[in-house]
2 protein chains.
Amino acid sequence: MAPKRATITSIAKHLNLDVSTVSRVLNGLAKKYRISEKTVKLVTNTANELNYTPNKIAKSLRLKKTFTIGLIVPDISNPWFAEIALRIEKESRKVGYNVFLCNSSDDINIEKESMNLLAEWKVDGVIMVPIGLEYDHLLDFYNNHIPLVLIDRFFENVEIPYVSTNDYSGAFDAIEHLIDNGHKNIACIQGVVGTSSNTQRVEGYENALKKHNIPLDENFILGDDFNFENGYAQTKQIIKNLNKTNITAIFSTSNQITLGALKAMKEENINIPDDISIISFDEHNYSDLLYIPISTVTHFDDNLGKKAIELLFNQIDNKTSTQENILLPTHLTKRESVKNRLAKVTK
Amino acid sequence: MAPKRATITSIAKHLNLDVSTVSRVLNGLAKKYRISEKTVKLVTNTANELNYTPNKIAKSLRLKKTFTIGLIVPDISNPWFAEIALRIEKESRKVGYNVFLCNSSDDINIEKESMNLLAEWKVDGVIMVPIGLEYDHLLDFYNNHIPLVLIDRFFENVEIPYVSTNDYSGAFDAIEHLIDNGHKNIACIQGVVGTSSNTQRVEGYENALKKHNIPLDENFILGDDFNFENGYAQTKQIIKNLNKTNITAIFSTSNQITLGALKAMKEENINIPDDISIISFDEHNYSDLLYIPISTVTHFDDNLGKKAIELLFNQIDNKTSTQENILLPTHLTKRESVKNRLAKVTK
DNA sequence: GTGAAAGCGCTAACAG
DNA sequence: CTGTTAGCGCTTTCAC
């Protein structure tokens with residue numbers, strides 16, 4: 001906090017006016033209160049001279065409104081969450097809001113602590129990517145009338161508004177694409193079990209198999225984290241058991257898993273897509289620059305941030321409390337990481 | 001802001017105590033003021049029952065200290081800045097500070113606006129990656145006693161503390177590696193002209209050439225942005241003029257430039273490293289998974305965030321005002337994107 | 001057209 | 001051991 005900056009009071013004293021007058025002028029209420037041109041000029045000029053900086057802390061206390069929102073993400077260094085943060089910050093700025101950033105590090109205690117902190121800061125609302133395994137604390141907040149919107153991960157059958165992407169159909173499409181290309185033994189490297197993103201993606205995987213009458217082998221669903229290490233480890237495992245399982249394709253539920261998988265396959269001299277095909281959730285600007293251009297499920301939508309802010313302000317402004325959940329569409333981008341096994345046969 | 005939550009006053013009334021007593025108990029000053037066990041229990045219990053949430057806004061106003069810091073970055077969706085944000089958030093949390101996130105979008109007006117905002121919020125200090133072309137507004141703040149630390153980009157000969165990496169020697173090493181492998185016609189795709197990162201990297205490039213008596217061709221220094229598009233466009237240009245310039249290697253000053261360059265070379269069927277070698281600033285977990293494993297200058301250091309926070313708190317706590325600037329070391333990671341042209345000759 | 005005064009929730013100096 | 005009081009900087013109702 002900077003030392004002895006000019007305040008509304010110091011300006012008032014300086015000019016032998018009342019603080020209320022100064023306040024009105026500085027808030028652009030001059031004509032509403034019919035304050036004389038002269039005073040207005042005087043006030044604005046000295047405010048500039050004295051390098052006056054309004055004190056939002058004081059204002060917030062008085063107004064019982066802070067014009068801030070809280071943003072909690074599991075890991076801001078994950079490009080996907082950073083992308084979300086960018087959108088939220090920009091949209092907030094547009095409506096004159098500032099954002100408090102909290103990184104939960106995928107630790108439920110930090111998530112809870114962060115929510116408390118944000119409550120203590122009296123933020124007007126919070127947008128968060130929850131860790132996604134527990135929601136009682138979120139419900140507490142929501143029911144305590146702290147406007148809340150979940151983004152990316154959410155909870156089914158829990159009354160907290162969210163905006164996310166249609167993970168289910170994205171996964172379904174990906175698997176169907178694999179099946180269309182003659183794959184039957186498809187492994188699925190999953191992320192954090194219990195999160196909506198994972199559940200939906202795995203369900204998409206399972207139902208696509210079902211639709212095409214391919215029996216589900218539970219052992220083909222591997223792993224428990226969206227990170228690089230999990231992708232690497234599970235892929236090593238898959239390669240090891242290749243002659244037992246006859247797996248011909250991997251469905252990766254995240255970009256980081258894919259990177260880990262690529263590393264493992266490279267080390268083991270597995271050829272993509274000839275030995276193993278791979279299709280991955282998450283698109284990046286390097287997706288087609290990897291050693292094999294990866295077919296992906298793209299699910300970024302410019303509306304993600306906008307919609308989240310929209311839902312949040314609906315709550316803040318006490319508008320339609322009609323719970324509105326939003327699921328944005330996905331898109332399949334086909335590249336070279338999926339082999340057409342049917343073509344081979346026909347030829 | 002949530003409606004009518006319990007306050008220190010409401011608790012006091014409820015218990016027929018004075019607010020000061022409640023305040024003391026809730027701030028853990030019970031024994032210092034020798035408050036009876038009974039009252040302590042009473043207070044803490046009812047605080048819990050009433051779901052009391054301390055109001056940091058009020059506290060800040062009273063204390064003239066907010067326990068918040070501001071963080072401004074040009075683009076939070078850039079993995080490098082996100083990495084920085086992560087470090088800053090974590091370190092801040094450790095010392096009980098919260099962070100306001102601002103994204104300047106590489107727009108100097110937004111940067112200025114953000115600094116004003118942060119000043120209005122009376123943050124205790126700000127850490128920022130400045131856009132890097134202007135610094136008068138930063139100096140204003142710094143001289144106005146708002147603790148400030150620059151990170152990544154900085155200004156030489158300007159008295160604002162910074163922590164960054166040794167871009168100069170990183171570039172120098174990279175170019176020397178190229179030269180050692182027999183390259184003489186080396187293009188440099190630069191980033192934003194005028195930023196310290198760029199200036200240092202280009203100087204490293206120039207001086208390495210000089211040291212090895214390779215004449216500098218100004219036309220070999222191309223571009224003006226750290227982004228993908230610049231990398232793509234300049235590389236297209238380089239390829240077009242290849243038979244005039246006989247360029248055999250590209251020094252890319254950023255990861256995004258490299259990605260753009262890779263895309264261009266792929267499109268034009270340029271073989272890396274046989275036709276053109278490339279060495280790049282910035283290391284990522286996909287650097288060796290690209291279609292050609294890229295030799296890079298790694299410059300992330302876990303200390304970056306810690307040091308920045310340290311410098312900031314030195315200012316906040318009015319400790320050693322001795323301007324301390326920190327330049328973290330870089331490291332060269334050799335992979336397969338640089339061809340040894342000497343070996344070819346000898347064989 | 002401008003001023004007086006109360007109060008947002010909290011802390012801390014002073015008093016007892 | 002606990003209470004009284006002033007005040008952080010601001011907005012806003014009411015008064016003149």
Side-chain angles (χ1 to χ4, degrees), chain A residues 1-44 46-47 50-68 119-124, chain B residues 1-43 47 50-68 119-124:
Chain A
M1 217 160 199
K4 50 182 164 119
R5 284 289 253 295
T7 69
I8 223 178
T9 324
S10 73
I11 295 180
K13 265 186 198 139
H14 193 82
L15 294 175
N16 243 319
L17 285 172
D18 193 85
V19 300
S20 49
T21 310
V22 177
S23 167
R24 292 190 257 245
V25 173
L26 262 20
N27 283 317
L29 301 175
K31 57 216 105 133
K32 185 181 166 192
Y33 284 92
R34 298 190 232 156
I35 296 173
S36 69
E37 266 300 302
K38 200 183 95 188
T39 341
V40 172
K41 279 244 169 74
L42 221 52
V43 170
T44 46
T46 47
L50 298 180
N51 201 7
Y52 170 70
T53 311
N55 187 328
K56 288 207 191 246
I57 299 284
K59 187 168 184 166
S60 297
L61 182 60
R62 178 61 234 249
L63 258 34
K64 289 173 134 317
K65 185 152 170 45
T66 58
F67 302 97
T68 57
E120 295 181 5
W121 277 116
K122 306 295 170 188
V123 295
D124 292 345
Chain B
M1 219 161 197
K4 50 181 166 128
R5 284 289 253 294
T7 69
I8 223 179
T9 323
S10 72
I11 296 181
K13 264 186 198 140
H14 194 83
L15 294 175
N16 242 318
L17 285 171
D18 193 85
V19 301
S20 50
T21 310
V22 178
S23 168
R24 281 161 196 155
V25 172
L26 261 19
N27 282 315
L29 302 174
K31 57 215 111 146
K32 184 180 166 193
Y33 284 93
R34 299 191 233 155
I35 296 173
S36 70
E37 266 300 301
K38 199 183 92 187
T39 341
V40 172
K41 279 245 170 76
L42 220 52
V43 171
L50 299 180
N51 201 5
Y52 170 70
T53 312
N55 186 328
K56 287 208 193 246
I57 299 283
K59 188 169 182 164
S60 296
L61 182 61
R62 177 63 235 247
L63 257 33
K64 290 175 132 318
K65 186 153 170 46
T66 58
F67 301 96
T68 57
E120 295 182 4
W121 277 115
K122 306 295 171 188
V123 294
D124 292 344

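We name chains A, B, ... by the order of the sequence lines, and we start the count at 1 in each one.
Taking the side chain to side chain contact (heavy atoms under 4.5 Å, CB included) definition, one finds that Leu15(A) meets it with Ile11(A), Leu17(A), Leu42(A), Val43(A), Thr46(A), sequence neighbours left out. Every residue meeting the ring pair (Phe, Tyr, Trp, His ring centres under 6.0 Å) condition with Phe67(A), not counting sequence neighbours, appears here in chain and number order: Tyr97(A). With sequence neighbours excluded, the residues forming a side chain to side chain donor-acceptor pair (under 3.5 Å) with Thr68(A) are Thr66(A), listed by chain and number. Taking the salt bridge (charged side-chain N to carboxylate O under 4.0 Å, His left out) definition, one finds that Lys59(A) meets it with nothing, sequence neighbours left out.
The stretch residues 24-44 of chain A touches DNA chain D through Arg24(A), Asn27(A), Tyr33(A), each having a heavy atom under 4.0 angstrom from the strand.
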Please write out the pairs of protein N or O atoms and N or O atoms of nucleotides 5-7 of chain D separated by less than 3.5 Å, giving the distance to one decimal.
unit_1	atom_1	unit_2	atom_2	d
dG7(D)	N2	Arg62(B)	NE	3.4
dG7(D)	N2	Arg62(B)	NH1	3.2

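Between the side chain of Thr44(A) and the main chain of Val40(A), a donor-acceptor pair closer than 3.5 Å is present.
For Leu63(B) and dG9(C), the CG to P distance is 17 Å, given to the nearest whole Å. Summarising the geometry, the separation between NZ on Lys13(A) and P on dG3(C) is reported as 14 Å, rounded to the nearest angstrom. Residue Lys59(A) contributes atom NZ, which lies 19 Å from atom C1' of dG9(C) at whole-angstrom precision. To the nearest angstrom, P of dG3(D) lies 14 Å from CD1 of Ile11(B). We find that CZ of Phe67(A) is positioned 15 Å from P of dC10(D), with the value rounded to whole Å. Taking atom CG of Leu17(A) as the reference point, atom P of dC10(D) lies 15 Å away to the nearest angstrom. Per the geometry, CD1 belonging to Ile57(A) stands 14 Å off P belonging to dC10(C), to the nearest Å. Nucleotide dG7(C) holds its P atom 18 Å from the CG atom of Asn55(B), rounded to whole Å.
Applying the side-chain hydrogen bond (donor to acceptor under 3.5 Å, both in side chains) test to every pair with at least one member in residues 9-19 of chain B, sequence neighbours left out, gives these pairs: Asp18(B)-Ser20(B).
Comparing dC10(D), dC8(C), dT2(C) by their nearest atom to the side chain of Tyr52(A) picks out dC10(D). Of the listed nucleotides (dG9(C), dG3(C), dG9(D)), dG9(C) has the atom at the smallest distance from the side chain of Ala58(B).
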- Item | Stepwise side-chain contact (heavy atoms from CB on, under 4.5 Å) test for Thr53(B) and Lys122(A) | CA-CA 9 Å; Thr53(B) 312; Lys122(A) 306 295 170 188; 4.0 Å; yes
- Task: Apply side-chain contact (heavy atoms from CB on, under 4.5 Å) to the pair Trp121(B) and Ser60(A), showing each step before the final yes or no.
- Result: CA-CA 10 Å; Trp121(B) 277 115; Ser60(A) 297; 3.4 Å; yes
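Using a 4.0 Å cut-off, some side-chain N or O of Lys64(A) falls inside it from OP1 or OP2 of dG9(C). Put simply, Lys122(A) has no side-chain N or O that comes within less than 4.0 Å of OP1 or OP2 on dC8(C).
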Distance-only donor-acceptor pairs under 3.5 Å for side chains of residues 29-38 of chain A, two or more places apart:
unit_1	atom_1	unit_2	atom_2	d
Ser36(A)	OG	Thr39(A)	N	3.3
Ser36(A)	OG	Thr39(A)	OG1	2.2

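Between Thr21(A) and Thr53(B), the residue anchored nearer the 5' end of DNA chain C, judged by the nucleotide with its closest heavy atom, is Thr21(A).
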